[in-house]
Structures are given as C-alpha cells and as structure tokens.
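Remember, it's 1-based here, ligands and their atoms both numbered in the order they're listed.
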Amino acid sequence: MTETYRNLIDGEWTASGELVANINPSDHSDIIGHYSAAKVDDVEQAIAAARRAGPAWAETGLEQRKAALDFIGDELIARSEEIGRVIAREEGKTIAEGKGEVFRSGQFFQYYAAECLRQIGEQAASVRPGVDVEITREPVGVVGVITPWNFPVAVAAWKIAPALAFGNSVVLKPSETTPASAAILADIVHRSGLPSGTFNMVIGEGHNVGNALASSPGIDAVTFTGSVAVGREIAQSAIANMARIQLEMGSKNALVVLNDADMDLAVQCAIGGAFFGTGQKCTASSRLVVEEQVHDEFVERMIAAAEALVVGHALDEATQIGPVVSERQLQQNLDYLELGKSEGGEVATGGELLELATKGNFMRPAIFTSTDNSMRINREEIFGPITSVIKVADYDEALAVSNDTDFGLTSGIMTNSLSRARHFKRHSQSGCVMVNLPTAGTDYHVPFGGRKASSYGPREQGTYAKDFYTIVKTSYIGG
Ligand code: NAD
C-alpha cells in the first residue's frame, strides 16, 4: 500500500475524490503515493473554514503567532534531509538541492516568526488642530495560495509564512505534480498550534481546483507562482471579485559575459544558472549573451563543463542533474530542441535522452550556439536544461539584447569592470540583478520579484511582503 495524501479542511484530513498516482520522474516504476483529488465542493468548504477562522486568528496575540511559525520553521530545518529526499523523489532535483530547499523554507518561517513582533504602525500630525492621525495595518483576510512544482515547499513557505504572520487565514492549492511534499508541509503547519481552519490545503488540478479557488468571492487575495498563461487566467478570475493579486511567473533571464570577465567564474555561474535544478528554475540563465572576443573560448569551456555533468537518478548521491519533472515537460524540451534547429541554431552539445538503470526522464544538458535574440528559443520560456549562447559585438549590444525580452525576473553580468557592473545594475530591466553571480540564487530576507510579464503586484519576501498581506488603515482621532 502506498501513502494517500489527503486534503486538509477545517483541521480535518479528508479524502473524498479520485486517487491520482504520484510517479517518480527518475523511475517510472516507483509510485510514491496517491493524492485524493479535491472537488470544487472541497474548495468551497476550505474557503468557508478559512473565513470562519480568520477573525480569531487576526486577534491572536503576536507571541502565539510567532510560536506557531517558529514551530514550523524549526521542524522544517530539523527534517530538511528527510523532506529533501521526498522532493528529490517526486520532483527530480538532487538530494542536496532538495535538502537546501527545505532548510531555506524553514528560514522563511523563522524570519516571519520574528516579523510577527515588528508590526509597528505610524503616527502623523494632522492638518487639523486637536486631531491625531494613526496609520496601522490589518490582515487582508482569506488568502488563496497557488504554487508550482519546481520549488514545492519553498514557494509555499515564502507565501504561507507572511500570510500567517500578518494575521491572515490560508487556503493552499499546491501543484498536483508534487503532492507528497505539499502533504508533509501541511502536516507540519497543521501541528503548529494554529486554530482549526486557519490553514487549509486542497490538492488537485489547476483548471478545476485552482480555478475554483482563484474565482471564489470568498477569497480576499490570491498569490500565485507559475506560468504566465495561468497567471493571466488567475488575474482575470480574481479581479472579478476585486481580490488582491500577486503573480510571480516565468522568465528568460540573460547572463552577460564580457571580455574582461574571470572566465572560470563565468563558466561556473553559467553552468549552475542554466542547468542546476535541471534548468527548471524561473531564475535560470536561459540566454548567455557573450562578447565576441571571448565567445569561442567561453563556448568551448561551457561544452566541456556541461559534458562533465553527471545526469542521473535524483536519489543517487553522485547525481548533479536530475531528471526532467514529467514526460510532458520532457516532450516540450525536445520540441524546443527541434524548433531551435529549424530556426538555425546549432546544438553544440547535449539534448540526448539517456537510458539508465531505471526508466526516467533523463536528458543531457543542451547548449545552443549560432542563435540570435529573435529566435523563439530565446523569447519563450523553455523551463528545461537547455540554454542558448548569443554572440554580441560589445557591452551596449549585450545590455540591449539582455533587455530585449517580454520578461524581467533576473539578469546577470560577469565582468571585472566596476563601471560596467554599475551601469548594468542601473539599466538592466529586471527585478533582481546579479554581478559575478549566477542569475539563480537569492536571499530570503530581501524582496524578490520581476518586471514586465514576470511579475504583477507587490513584491514577495522580506519586509516588502507586508504590502500584499496587509491593508493600511488611517484613523483620525478627534477630541
Ligand atoms: P503552472 O502555471 O502550470 O501551474 C502553477 C500552479 O497553478 C499549479 O498549482 C497549477 O495546478 C495551477 N493552475 C493551473 N491552471 C490553473 C487555473 N486555470 N486556475 C488556477 N490555478 C491553475 O506552472 P508550473 O508548471 O507548476 O511551474 C512552472 C512555472 O512556474 C514556470 O513558468 C516558472 O517560471 C514559474 N515559476 C516562477 C517563479 C517565480 O518566483 N517567478 C518561481 C517558480 C516557478
């Protein structure tokens, strides 16, 4: 018997719907468990429970809120190895990456536990004599949280932690691709001492369960991380009810490599940024924009480094690149490889499917050369272990190419020139800019988000999160 992941509604674990298998992408014969697909009625019950629980949680003392968040954060950190293995098994990232994700998720809860005690308002002088003005923040209400599979615990953590810290109740709709890690997180939150109904979880597909959550008039705010296409749909559903919206979506991040870059570091950052996490990161370096003079050397060294990467079963300690998350995503990668070739790109290395000891979605990391920025492979998010090199004449062209995209989550530059780095930092049209660092990899105590089609609404993380999870109230007190 495998495990069944159930829905959490009003403090009770429920399993009414169809059971759907959770398959290991490293080994299709390994059924990790089954999730009980929530029905629209379950979503409505979860929202109703969150609405009932909301007012009491909003009035709960800050120390009690802090204690619950500390409990969740401490347990995630203590169990990061064990839960990291579950993520590796169901999502396909390596054990080290899975463990790192869970540890970081614990840090999000610990950070917002401390933020519970920093909820301090402002006082202002009135323009009217004898009147006091106070500016305070109140919870938004019921927050719908819709998350993707690529960071199944971390994305949920960086949304649930501030939602609870600022006094909101939550209904989580995790990705149906990663129900096991979602169930573990929900279990820890459930045991943290929150009043019943403050946190609920419904597992199921986006078009019914996710859509029922986003379009419900019982939701006050929707925070979503996922693809642009789904983000657009969610925004339309939520705005019909005047619900608040926060969307973090895809990208096409550029890493610029200048002639004066430290080449060892440039290759190291490009390999990590493009291929770790099997390239399935919203912050992945999917366009490598390289100055002419160092182009050939950079490409040669990238090919050698990519070919040295160990692709394998995610639970194998030696593996550096795990499988692609699903057969559907693998097919999409293969389609993009064909498309890139038909557009005139050359596959300098990789793209082959690998037959290993277990049947899984294994693909060698691929590098396209001879590409330009107008090709679809350089304009659309592929979300796999595929990156493109774009040769440019100089820094000005590199900056222009880097900014010539519909997206704007992260960008990076490899250079030893302080003035170029400063110029890039100021003129790069992305939400996060990296200098001599990979485009992927951010801190947890500062804001995270992008521009253009990558993000919509207030920033996530750090103190900036309160702008989404609270409503400002201005009070006038006369005598
Ligand atoms: P996705 O958009 O397919 O799904 C995300 C979530 O939305 C899932 O829970 C899904 O079930 C749900 N969903 C799907 N259709 C829905 C609908 N009509 N209504 C409501 N909910 C619906 O994305 P994915 O494949 O899970 O994740 C990959 C995407 O996530 C990539 O585009 C990646 O760039 C993005 N991502 C962005 C960030 C960021 O912070 N910017 C972080 C991680 C991933």
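- Annotation: atom 26 (O) of ligand 1 to nearest protein heavy atom, W149 CD1, 3.0 Å.
- Those atoms of ligand 1 that come under 4.0 Å of a heavy atom in F224, given as number and element, are 2 (O), 5 (C), 6 (C), 7 (O).
- Note: E343 CD to S374 OG = 7.5 Å, rounded to the nearest 0.5 Å.
- In this structure, atom 4 (O) of ligand 1 has its sub-4.0 angstrom surroundings free of protein heavy atoms.
- Residue E205 has no N or O atom closer than 3.5 Å to an N or O atom of ligand 1.
- Side chains of S411 and S402: no donor on one and acceptor on the other come within 3.5 Å.
- How far CD of Q45 is from OG of S16: 8.5 Å, rounded to the nearest 0.5 Å.
- Note that OG1 of T178 is 7.5 Å distant from CD of E91, once rounded to the nearest 0.5 Å.
- In this model, no donor atom of one side chain and acceptor atom of the other lie less than 3.5 Å apart for Q280 and N150.
- Inclusion of E460 in the set of residues having an N or O under 3.5 Å from an N or O of ligand 1 is not warranted.
- Between F407 atom CZ and Q429 atom CD the span is 14.5 Å, to the nearest 0.5 Å.
- A centroid separation of 6.0 Å or more is found between the aromatic rings of W158 and Y469.
- At a cut-off of 3.5 Å, with distance as the only test, no side-chain donor of S237 or S215 sits close to an acceptor on the other residue.
- The single protein non-hydrogen atom nearest to atom 14 (C) of ligand 1 is G206 CA, 3.5 Å, given as residue, atom name and distance.
- Of the N or O atoms in W158, none lie within a sub-3.5 Å distance of an N or O in ligand 1.
- Annotation: N150 places no N or O atom under 3.5 Å from an N or O atom of ligand 1; distance criterion only.
- Residue contact check: N211 has heavy atoms under 4.0 Å from atoms 19 (N), 20 (C) of ligand 1.
- The side chain to side chain donor-acceptor pair (under 3.5 Å) test with K159 singles out one residue from E460, Q461, E248, and that residue is E460.
- Shown in contact with T225 at under 4.0 Å from a heavy atom are these atoms of ligand 1, numbered in order with element: 5 (C), 36 (N), 37 (C), 38 (C), 39 (C), 40 (O), 42 (C), 43 (C), 44 (C).
- Heavy-atom contacts of G250 reach the following atoms of ligand 1: 32 (O), 34 (O) (cutoff under 4.0 Å).
- Counting atoms of ligand 1 from 1 in the listed order, those under 4.0 Å from a heavy atom of E248 are 37 (C), 39 (C), 40 (O), 41 (N).
- F151 carries K93 over the face of its six-membered ring, with the cationic atom under 6.0 Å from the centre and within 45° of the normal.
- A donor and an acceptor atom, one from each side chain of R104 and Q107, are located under 3.5 Å apart.
- What sits closest to atom 31 (C) of ligand 1 on the protein, heavy atoms only, is E381 OE1, 3.4 Å.
- Any N or O atom pair closer than 3.5 Å counts here, and S454 shares no such pair with ligand 1.
- Of the protein's non-hydrogen atoms, G226 O, 3.2 Å is the one closest to atom 35 (C) of ligand 1.
- The minimum heavy-atom distance between Y336 and E380, with the atom names listed, is OH-OE1, 2.6 Å.
- Regarding atom 18 (N) of ligand 1, its nearest protein heavy-atom neighbour is E233 OE1, 3.0 Å.
- Below 4.0 Å from some heavy atom of F448 lie the following atoms of ligand 1, by number and element: 40 (O).
- Judged purely by distance below 3.5 Å, without hydrogens or angles, the side chains of E97 and T94 pair a donor atom with an acceptor atom.
- The shell of residues lying under 4.0 angstrom from ligand 1, judged by heavy atoms, includes P174.
- Side-chain contact, N361 with H28: a donor N or O sits under 3.5 Å from an acceptor N or O.
- Side chains of S181 and E90: a donor on one and an acceptor on the other come within 3.5 Å.
- Where the criterion is an N or O separation shorter than 3.5 Å, residue side chain and backbone included, S227 meets it with respect to ligand 1.
- The protein heavy atom nearest to atom 41 (N) of ligand 1 is M249 O, 2.8 Å.
- T410 and N253 are linked by a side-chain donor-acceptor pair at a separation below 3.5 angstrom, with hydrogens and angles left out of the test.
- Proximity of F151 to ligand 1 is not established, as no heavy-atom distance is less than 4.0 Å.
- The contact set between ligand 1 and E176, taken as ligand atoms under 4.0 Å from a residue heavy atom, comprises 10 (C), 11 (O).
- Heavy-atom contacts of L409 reach the following atoms of ligand 1: 41 (N) (cutoff under 4.0 Å).
- The nearest heavy-atom contact from the protein to atom 9 (O) of ligand 1 is T147 O, 2.7 Å.
- Nearest protein neighbour of atom 11 (O) of ligand 1, counting heavy atoms only, is K173 NZ, 2.6 Å.
- Taking distance alone, with nitrogen or oxygen atoms compared against 3.5 Å, C282 stays at or beyond that limit from ligand 1.
- By the 4.0 Å heavy-atom criterion, S175 is counted among the residues contacting ligand 1.
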